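Bear in mind that the values here come from a model prediction, so they are computed numbers and not experimental data. Worth knowing before you read on, the calculation uses all heavy atoms, side chains too, and leaves out hydrogens, waters and symmetry mates.
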Amino acid sequence: QVQLVESGGGLVQAGGSLRLSCAASGRTFSGRSMGWFRLAPGKDRVFVASISWSGSTISYSDSVKGRVTISSDNTKNTVYLQMNFRKPEDTAVYYCSGGSMRIAGTKPGDFLSWGQGTQVTVSS
């Protein structure tokens with residue numbers, strides 16, 4: 001079983017940036033894609049970004065494209081999300097996901113495992 005642990009969330013002013021990390025342990029997802037989703041209050045969980053195991057294929061949601069970068073370090077079993085949080089509407093719990101057979105999958109159902117999430121609160 002794979003455990004995913006996110007870190008790096010917190011309070012950030014609108015326009016500020018954070019780097020979220022997701023460390024995988026246990027039986028890691030070698031060869032599979034990893035991703036990030038977010039869940040805002042009163043809304044459904046939505047896709048943010050994903051990356052293939054090799055790092056050669058990356059997908060971004062249109063809502064964050066241009067202000068987010070996903071990357072991974074397979075030697076550390078860690079995936080990162082560097083994001084500029086422009087507005088309070090970016091406030092959400094950000095979840096790491098792993099185990100997608102679909103290369104750089106974009107749907108929650110593509111992924112097998114989830115972390116507990118890290119809260120990001122954007123102040124105006």
Side-chain angles (χ1 to χ4, degrees):
Q1 190 164 350
V2 178
Q3 290 79 43
L4 302 176
V5 179
E6 302 95 335
S7 61
L11 179 65
V12 61
Q13 284 191 324
S17 296
L18 290 174
R19 188 177 80 157
L20 308 182
S21 300
C22 172
S25 62
R27 187 181 175 187
T28 56
F29 291 125
S30 178
R32 299 194 180 189
S33 297
M34 302 284 289
W36 287 92
F37 289 73
R38 65 183 180 180
L39 180 63
K43 297 187 178 180
D44 294 329
R45 186 175 303 194
V46 296
F47 170 73
V48 176
S50 61
I51 186 169
S52 62
W53 175 258
S54 68
S56 63
T57 302
I58 289 175
S59 297
Y60 292 118
S61 165
D62 288 341
S63 65
V64 300
K65 195 173 294 182
R67 57 190 182 100
V68 65
T69 302
I70 188 171
S71 60
S72 61
D73 184 341
N74 292 338
T75 65
K76 297 181 179 179
N77 295 318
T78 300
V79 63
Y80 305 96
L81 187 74
Q82 178 77 37
M83 183 165 165
N84 178 263
F85 295 89
R86 282 185 187 164
K87 46 193 178 180
E89 288 74 17
D90 289 323
T91 294
V93 178
Y94 285 74
Y95 292 91
C96 176
S97 57
S100 173
M101 288 291 289
R102 183 183 300 273
I103 296 175
T106 62
K107 299 177 181 177
D110 292 335
F111 296 88
L112 298 177
S113 289
W114 296 85
Q116 292 300 307
T118 185
Q119 174 73 47
V120 175
T121 301
V122 184
S123 63
S124 58

Show the nearest heavy-atom pair for residues [X] and [Y], with the distance to one decimal.
| X | Y | result |
| --- | --- | --- |
| S21 | T78 | CB-CG2, 4.4 Å |
| L39 | D44 | CD1-C, 3.6 Å |
| K65 | D62 | NZ-OD1, 3.3 Å |
| D90 | N84 | OD2-O, 4.4 Å |
| L4 | A24 | CD2-CB, 3.6 Å |
| S50 | G105 | OG-O, 2.9 Å |

Point-to-point distance, once rounded to the nearest 0.5 Å, from [atom1] of [X] to [atom2] of [Y]:
| X | Y | atom1 | atom2 | value |
| --- | --- | --- | --- | --- |
| S33 | I51 | OG | CD1 | 8.5 Å |
| T91 | R38 | OG1 | CZ | 9.0 Å |
| Y94 | L81 | OH | CG | 8.0 Å |
| M83 | R67 | CE | CZ | 4.0 Å |
| M34 | W53 | CE | CH2 | 8.5 Å |
| Y60 | F47 | OH | CZ | 9.5 Å |

Are Y95 and F111 an aromatic pair by the rule of ring centers under 6.0 Å?
no
Within the 4.5 Å heavy-atom criterion, are [X] and [Y] side-chain neighbours or not?
| X | Y | answer |
| --- | --- | --- |
| Y80 | C22 | no |
| S123 | Q13 | yes |
| C96 | V79 | yes |
| L11 | Q119 | no |

Backbone of Q116 reached by a side-chain donor or acceptor of E6 within 3.5 Å:
yes
Surrounding CD1 of I103 (heavy atoms of other residues, nucleotides or ligands, distance under 6.0 Å), is the total greater than 12?
no
Hydrophobic cluster membership, with links at side-chain heavy-atom distances under 4.5 Å among I/L/V/M/F/W/Y: are [X] and [Y] in one?
| X | Y | result |
| --- | --- | --- |
| V2 | M101 | no |
| V122 | V64 | yes |
| V93 | V46 | no |
| V68 | V12 | yes |

R45 to F37, cation-pi by 6.0 Å centre distance and 45° axis angle:
no
Sequence neighbours excluded - side chain to side chain donor-acceptor pair (under 3.5 Å) pairs with any residue from residues 104-115
R102-D110
